[in-house]
K.L.:
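My questions all concern the structure below.
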There are 2 protein chains.
Amino acid sequence: MPVPKGSTLDPDRTRAAIIDTAMPILYERGLDGVGVAELCTAVGVSKETLYRHFGSKEGLIEAVLEARSERVTRWLREAVEAAGDDPADQLAAVFDALSGWHAEPGFRGCALLNAGAQHHGGPELDVAGRHLERRLALLTSIADRAGVPDPGALARQWLVLVTGCTVVADQHPGTPYAARLARDAALTLLTTARPTP
Amino acid sequence: MPVPKGSTLDPDRTRAAIIDTAMPILYERGLDGVGVAELCTAVGVSKETLYRHFGSKEGLIEAVLEARSERVTRWLREAVEAAGDDPADQLAAVFDALSGWHAEPGFRGCALLNAGAQHHGGPELDVAGRHLERRLALLTSIADRAGVPDPGALARQWLVLVTGCTVVADQHPGTPYAARLARDAALTLLTTARPTP
DNA sequence: CTGCTATCGTACCGATCGGTTCGATCTGAG
DNA sequence: CTCAGATCGAACCGATCGGTACGATAGCAG
């Protein structure tokens, strides 16, 4: 076994440490708001190490965003799973989870959407698109369970609400509790879409 | 009259020309994606002139975003006014206007929201907030006319839909016609909110 | 004509950026 | 102990950035 595992020289560990440390800094200051040198000193790593792992600043950004998307997706899925079997409860759990996130001190909007807006032509936009696709899949599973006639359309309406309330919560101080309003709207759409026996 | 009006040396004209030319470039390439020198050559103006008018790149950006917000707000208000007196028609007109915008070739999301995401701490976020405030005012006027019990809450739900469908249309290729889905959702919310006599 | 002002074109500044290179150092495998 | 690979620290590179300075020019008021 030529590669040491778990040691201080473990490349996987170094890579994970870079991602974990760089993530909040890039989220807080923006992709273009912080240089590679500063990221390196924050992580406690040399530039050579960072470039050997990620090849370029772009590569680092992609890795950070991918890790973020996976983390957020898992977090939201767990919130849904903890809400029981009722689709309405699951849907409410999504927006309640968002409510808590929006109220956190360091909340600055969705890191993926922000990145897609910042480097619009680049790979960040693709990462953001895949992120929304994962989120749509989660919402579609809820709509499927609810047995509505067109679960795909309803899930996409929910996706618009989820995305919109996060942006509004971030950028419009005149709308607090945007997630709560979106939750009510989503539940109304669910009720209206359900076949009335 | 020491200031020439309408001549090629008219400062107001120069200022407007700089804003008009810089606006699509900053929108397309991002606030940090284009330098002041390139903007100057695109406008056909010297750096000294640009800096005398706006003081800094930040000042130029603020002026451009402010002009953009006013233009977009006027455009949407006119779409509403052209839709007649029925609140439902006015609401549908908002999302239909958005549909057409989203389908335009150079569509890259809302310039104000993108700017707020790019320079998150700075004045751009305030401009984006004021932009959403203007949009909320328009939606609130529709909700008022509809005579719903809580027009402020309904208008804010519509604001979430408007914002969300624009972001989704930009960043999620898997959801085409996001504005049409949002339109249906908004009309459903309106119908549900109306008192049933 | 005489100013005044807006503008141009260019050169220039210091700072920062992303990225590369290299010798020294440390760690763990064998 | 020896060796290979991972890392460090710092110097270094060319390019670009936002912003400034200056002499020349052009249009208008008086």
Side-chain angles (χ1 to χ4, degrees), chain A residues 1-23 25-26 28-65 115 118-119 121-124, chain B residues 1-23 25-26 28-65 115 118-119 121-124:
Chain A
M1 198 195 311
V3 179
K5 294 286 181 184
S7 72
T8 52
L9 295 199
D10 183 357
D12 293 351
R13 223 164 251 254
T14 303
R15 180 186 170 94
I18 295 175
I19 290 178
D20 286 349
T21 307
M23 188 183 297
I25 301 177
L26 289 170
E28 179 180 356
R29 310 251 302 269
L31 305 184
D32 296 333
V34 52
V36 173
E38 185 180 346
L39 287 174
C40 287
T41 64
V43 185
V45 107
S46 69
K47 293 178 79 175
E48 183 177 353
T49 297
L50 188 144
Y51 276 97
R52 181 160 25 79
H53 277 286
F54 301 98
S56 65
K57 187 184 181 182
E58 265 290 325
L60 169 65
I61 289 174
E62 290 182 45
V64 165
L65 293 178
Q118 287 169 51
H119 292 182
E124 294 85 350
Chain B
M1 199 197 309
V3 179
K5 293 286 182 185
S7 71
T8 52
L9 296 202
D10 183 357
D12 292 352
R13 224 164 249 259
T14 303
R15 181 186 169 94
I18 296 174
I19 290 178
D20 285 350
T21 306
M23 189 182 295
I25 301 176
L26 288 170
E28 179 180 357
R29 311 252 302 271
L31 305 185
D32 296 334
V34 52
V36 174
E38 186 181 345
L39 286 175
C40 287
T41 66
V43 186
V45 107
S46 69
K47 293 179 78 174
E48 182 178 350
T49 297
L50 189 145
Y51 276 98
R52 182 159 24 79
H53 276 288
F54 301 99
S56 66
K57 188 184 182 182
E58 265 290 324
L60 169 65
I61 289 173
E62 291 182 44
V64 165
L65 294 178
Q118 288 169 52
H119 293 183
E124 294 85 350

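Order of the sequence lines sets the chain letters (A, B, ...), proteins ahead of strands, with each chain counted from 1.
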K.L.:
Which whole-number value in Å describes the distance from B:D12 CG to C:dA6 P?
P.N.:
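The answer, rounded to whole Å, is 11 Å.
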
K.L.:
Could you work out, with side-chain hydrogen bond (donor to acceptor under 3.5 Å, both in side chains) as the rule, every residue matching A:S46, not counting sequence neighbours?
P.N.:
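Applying side-chain hydrogen bond (donor to acceptor under 3.5 Å, both in side chains) to A:S46 gives A:T49.
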
K.L.:
Once you round it to whole Å, what is the distance between C1' of C:dG19 and CG of A:L39?
P.N.:
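Those two atoms, CG and C1', are 14 Å apart.
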
K.L.:
Between atom CZ in B:R15 and atom C1' in C:dT7, what is the gap in whole Å?
P.N.:
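These atoms are roughly 17 Å apart.
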
K.L.:
Sorted by first residue and then second, give each salt bridge (charged side-chain N to carboxylate O under 4.0 Å, His left out) pair with at least one member in residues 39-49 of chain B; sequence neighbours left out.
P.N.:
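Sorted result for residues 39-49 of chain B: empty, none.
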
K.L.:
Distance check needed: C:dG19 P versus A:E38 CD, whole Å only.
P.N.:
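Whole-Å distance recorded here is 16 Å.
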
K.L.:
Could you please spell out the steps behind the side chain to side chain contact (heavy atoms under 4.5 Å, CB included) verdict for A:L60 and A:L50?
P.N.:
CA-CA 8 Å; A:L60 169 65; A:L50 188 144; 4.0 Å; yes

K.L.:
Between the axis at one end of the helix from C:dC1-D:dG30 to C:dG30-D:dC1 and the axis at the other (five pairs apiece), what's the angle to 10 degrees?
P.N.:
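The angle, to the nearest 10 degrees, is 10°.
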
K.L.:
For residues 50-59 of chain B, which residues have at least one heavy atom under 4.0 Å from DNA chain C?
P.N.:
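Close to the strand are B:R52, B:H53.
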
K.L.:
Tell me the closest heavy-atom pair linking A:E124 and A:A115, and the distance in Å.
P.N.:
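Shortest heavy-atom contact: CB-O, 3.6 Å.
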
K.L.:
For A:L31 and C:dC17, what is the distance between atoms CG and P respectively, to the nearest whole Å?
P.N.:
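After rounding, the reported distance stands at 14 Å.
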
K.L.:
Any heavy-atom pair between the side chains of B:F54 and B:R15 that's under 4.5 Å?
P.N.:
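Of all side-chain heavy-atom pairs linking B:F54 with B:R15, at least one is under 4.5 Å.
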
K.L.:
Tell me which donor-acceptor pairs under 3.5 Å the side chains of residues 28-37 of chain B have, and how far apart each pair is, sequence neighbours excluded?
P.N.:
unit_1: B:R29; atom_1: NH1; unit_2: B:E38; atom_2: OE2; d: 2.8
unit_1: B:R29; atom_1: NH2; unit_2: B:G33; atom_2: O; d: 3.4
unit_1: B:R29; atom_1: NH2; unit_2: B:E38; atom_2: OE1; d: 3.0
unit_1: B:R29; atom_1: NH2; unit_2: B:E38; atom_2: OE2; d: 3.2
unit_1: B:D32; atom_1: OD1; unit_2: B:H119; atom_2: NE2; d: 2.8
unit_1: B:D32; atom_1: OD2; unit_2: B:H119; atom_2: NE2; d: 3.2

K.L.:
Of all of residues 41-49 of chain B, which get a heavy atom below 4.0 angstrom from DNA chain D, listed by number?
P.N.:
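Those residues are B:K47, B:E48.
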
K.L.:
In Å, rounded to the nearest 0.5 Å, how long is the span from CD1 of B:I19 to NE2 of B:H53?
P.N.:
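Answer rounded to 0.5 Å: 9.5 Å.
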
K.L.:
Check side chain to side chain contact (heavy atoms under 4.5 Å, CB included) between B:A42 and all other residues, then give those that pass, not counting sequence neighbours.
P.N.:
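Applying side chain to side chain contact (heavy atoms under 4.5 Å, CB included) to B:A42 gives B:T21, B:I25.
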
